[in-house]
Participant: 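Have a look at this one before I ask anything.
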There are 2 protein chains.
Amino acid sequence: MKTMTISKIAKEAGVGVETVRFYERNGLVQQPPKPSSGGFRVYPVETAERIRFIRQAQELGFSLREIKELLSLRTDPATDCADVRERAQVKLDEIIRKIAQMKGIQTALEKLIAACPGRGALQVCSIIDAIEAPEKTKTNLKKRKRKNYE
Amino acid sequence: MKTMTISKIAKEAGVGVETVRFYERNGLVQQPPKPSSGGFRVYPVETAERIRFIRQAQELGFSLREIKELLSLRTDPATDCADVRERAQVKLDEIIRKIAQMKGIQTALEKLIAACPGRGALQVCSIIDAIEAPEKTKTNLKKRKRKNYE
DNA sequence: ATACACTCCGTACAATAGTACGGAGTCAAG
DNA sequence: CTTGACTCCGTACTATTGTACGGAGTGTAT
């Protein structure tokens with residue numbers, strides 16, 4: 001196995017060298033020490049996996065701050081297990097909520113696509129319409145008043 | 001129904017007035033005309049729904065640019081239906097991919113939580129480990145030092 | 001041993017997504 | 001008709017998430 005320099009890691013992870021450094025500066029990946037013999041830093045291959053995870057989580061709407069929290073979850077006997085469980089559970093709930101929302105949009109898009117060739121059979125004209133009518137395409141769903149927010 | 005001013009819309013949507021204006025400037029919501037009688041702009045209630053959709057889509061990792069695309073999808077007989085279908089399908093594929101990724105993280109978190117009290121039964125020590133081992137516990141590829149981080 | 005690519009580090013610049021501010025206009029209650 | 005809250009609009013500032021640049025050091029292939 002060739003020595004993993006920062007550019008190899010970056011290539012492996014599909015990001016630029018500067019991005020790796022940026023993640024190092026922000027504590028998302030650990031910067032390996034410079035070898036005592038001098039020269040360039042050598043990276044463990046796992047770093048690339050870690051970065052790929054970061055990018056994936058970003059695509060799913062997590063901020064770097066949140067991703068850092070995700071990555072800091074460890075079932076390490078040395079740390080408090082109950083705490084890890086609790087934090088993991090919070091993230092899990094969030095994920096489950098997001099999946100549900102995602103499925104809402106999925107259904108809406110499917111409705112939109114289905115409404116396309118029939119032209120007018122459904123009243124679905126935009127993705128908003130497709131979402132706002134969860135199931136019942138019955139009349140007068142505009143009467144609901146939503147005071148739900150804050 | 002009282003006249004929806006911008007601050008009512010903002011409150012209804014759970015955002016600040018400035019955010020509404022920002023979305024207007026960027027074409028995500030349409031700015032209603034000033035009444036010919038003069039005075040303040042009056043907003044249709046749907047604007048609040050639209051903004052809530054924007055916020056939701058953002059949470060799911062879509063940029064405002066992408067959300068604008070989503071919102072511009074319309075099964076309008078006047079526009080090319082095949083085009084709408086195509087663009088909707090692209091978004092749909094993306095959503096489906098994201099849901100799959102999300103489920104990957106969900107499973108990883110569940111493994112992490114499961115590994116917590118048993119302590120050592122599973123080798124899952126971080127969320128990365130929980131993700132990188134899809135299900136086959138192919139021995140000792142991952143067995144090396146995982147002491148490196150934090 | 002020299003060329004050349006790559007590392008290292010600091011700082012600067014950039015895009016996205018807001019948030020804040022200030023001054024002038026408007027509305028509605030007292 | 002005054003007062004206070006809100007609108008309108010422009011501009012400026014902020015946070016997050018990177019990208020780019022420049023100069024000095026290092027590794028390596030020829």
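Quick note on labels: first sequence line is chain A, next is B, and so on, each numbered from 1. We use all heavy atoms of the structure for the numbers below, so side chains are in, but hydrogens, waters and symmetry mates are not. Keep in mind that what you see is a predicted model, and the values were worked out from it rather than measured.
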Participant: Among the nucleotides C:dC27, C:dA20, C:dC9, which one has an atom lying closest to any side-chain atom of A:Arg21?
Facilitator: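 Nucleotide nearest to A:Arg21's side chain: C:dC9.
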Participant: Check this one for me: any side-chain N or O of B:Tyr23 less than 4.0 Å away from OP1 or OP2 of C:dG18?
Facilitator: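 B:Tyr23 to C:dG18 OP1/OP2: side-chain N or O found under 4.0 Å.
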Participant: Are A:Thr5 and C:dT7 close enough that a side-chain N or O sits under 4.0 Å from OP1 or OP2?
Facilitator: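 Indeed, a polar side-chain atom of A:Thr5 lies that close.
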Participant: Think B:Arg25 has a side-chain N or O under 4.0 angstrom from the OP1 or OP2 of C:dT19?
Facilitator: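 Answer is no, no contact under 4.0 Å.
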Participant: If only side-chain N and O atoms of B:Gln58 are considered, is one of them under 4.0 Å from the OP1 or OP2 phosphate oxygen of C:dG18?
Facilitator: yes
Participant: Does A:Leu64 or B:Gly39 map to a spot on DNA chain D nearer the 5' end, using the closest nucleotide for each?
Facilitator: B:Gly39
Participant: Within the supplied structure, the quantity of interest is the number of heavy atoms (other residues, nucleotides, ligands) at a distance under 6.0 Å from A:Gln89 CD; does it exceed 12?
Facilitator: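 Enclosed: over 12 neighbouring heavy atoms sit under 6.0 Å from CD of A:Gln89.
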Participant: Do NZ/NE/NH1/NH2 and the carboxylate oxygens of B:Asp93 and B:Arg97 come within less than 4.0 Å?
Facilitator: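 Looking at B:Asp93 and B:Arg97, the cut-off is not met.
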Participant: Please state how far atom CD in B:Glu18 lies from atom P in C:dC21, giving the value in whole angstrom units.
Facilitator: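 Answer to the nearest Å: 10 Å.
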Participant: Please answer whether the main-chain N or O of A:Ser63 pairs with a side-chain N or O of A:Glu66 as donor and acceptor at a distance below 3.5 Å.
Facilitator: yes
Participant: A:Asn26 CG to D:dA15 P: how many Å, rounded?
Facilitator: 14 Å
Participant: What integer distance in Å separates A:Ile9:CD1 from C:dC6:P?
Facilitator: 16 Å
Participant: Would you classify B:Gly16 as touching base, sugar-phosphate or nothing, given that sugar-phosphate means primed atoms plus P, OP1 and OP2, and contacts are heavy atoms under 4.0 Å?
Facilitator: nothing
Participant: Any base atoms under 4.0 Å from B:Glu66, or only sugar-phosphate, or nothing? Heavy atoms, all strands.
Facilitator: nothing
Participant: Under 4.0 Å between a side-chain N or O of A:Arg41 and OP1 or OP2 of C:dC9?
Facilitator: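 Yes.
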Participant: Expressed as a whole number of angstroms, how long is the span from A:Phe62:CZ to D:dT17:C1'?
Facilitator: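 Roughly 17 Å, once rounded to whole Å.
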Participant: Roughly, in whole Å, what's the span from CZ in A:Phe22 to P in D:dT19?
Facilitator: 9 Å
Participant: When you measure from the side chain of B:Arg55, which nucleotide among C:dG18, D:dT7, C:dC8 comes out closest?
Facilitator: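 When the side chain of B:Arg55 is considered, C:dG18 is the closest of C:dG18, D:dT7, C:dC8.
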Participant: Can you establish whether the number of heavy atoms outside B:Glu86 located under 6.0 Å from its atom CD is more than 12?
Facilitator: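 No, CD of B:Glu86 has 12 or fewer neighbouring heavy atoms, counting only those of other groups under 6.0 Å.
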Participant: Is it true that B:Lys91 and B:Glu69 make a salt bridge, defined as a side-chain N closer than 4.0 Å to a carboxylate O?
Facilitator: yes
Participant: With sugar-phosphate meaning primed atoms plus P, OP1 and OP2, does B:Gln31 contact a base, only sugar-phosphate, or nothing at under 4.0 Å between heavy atoms?
Facilitator: sugar-phosphate
Participant: Would you mind reading off the distance between A:Lys11 atom NZ and C:dT7 atom C1', rounded to a whole angstrom?
Facilitator: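 The distance from NZ of A:Lys11 to C1' of C:dT7 comes to 16 Å, rounded to the nearest Å.
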Participant: Rounded to whole Å, please give me the gap between CD1 in B:Ile6 and P in C:dC27.
Facilitator: 16 Å
Participant: Side chain of B:Phe40 only, please: which of C:dT16, D:dT17, D:dC8 is the nearest?
Facilitator: D:dC8
Participant: Think A:Ser7 has a side-chain N or O under 4.0 angstrom from the OP1 or OP2 of C:dC6?
Facilitator: no
Participant: A:Val17 or B:Ile54: which one's nearest nucleotide on DNA chain C is closer to the 5' end?
Facilitator: A:Val17
Participant: Has B:Arg74 got a side-chain atom pairing as donor or acceptor with A:Ser126's backbone, closer than 3.5 angstrom?
Facilitator: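 Not at all, since once roles are kept as given, no pair shorter than 3.5 Å links the two residues.
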Participant: Find the distance A:Lys8:NZ to C:dC6:C1' and express it as a whole number of Å.
Facilitator: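 That distance rounds to 10 Å.
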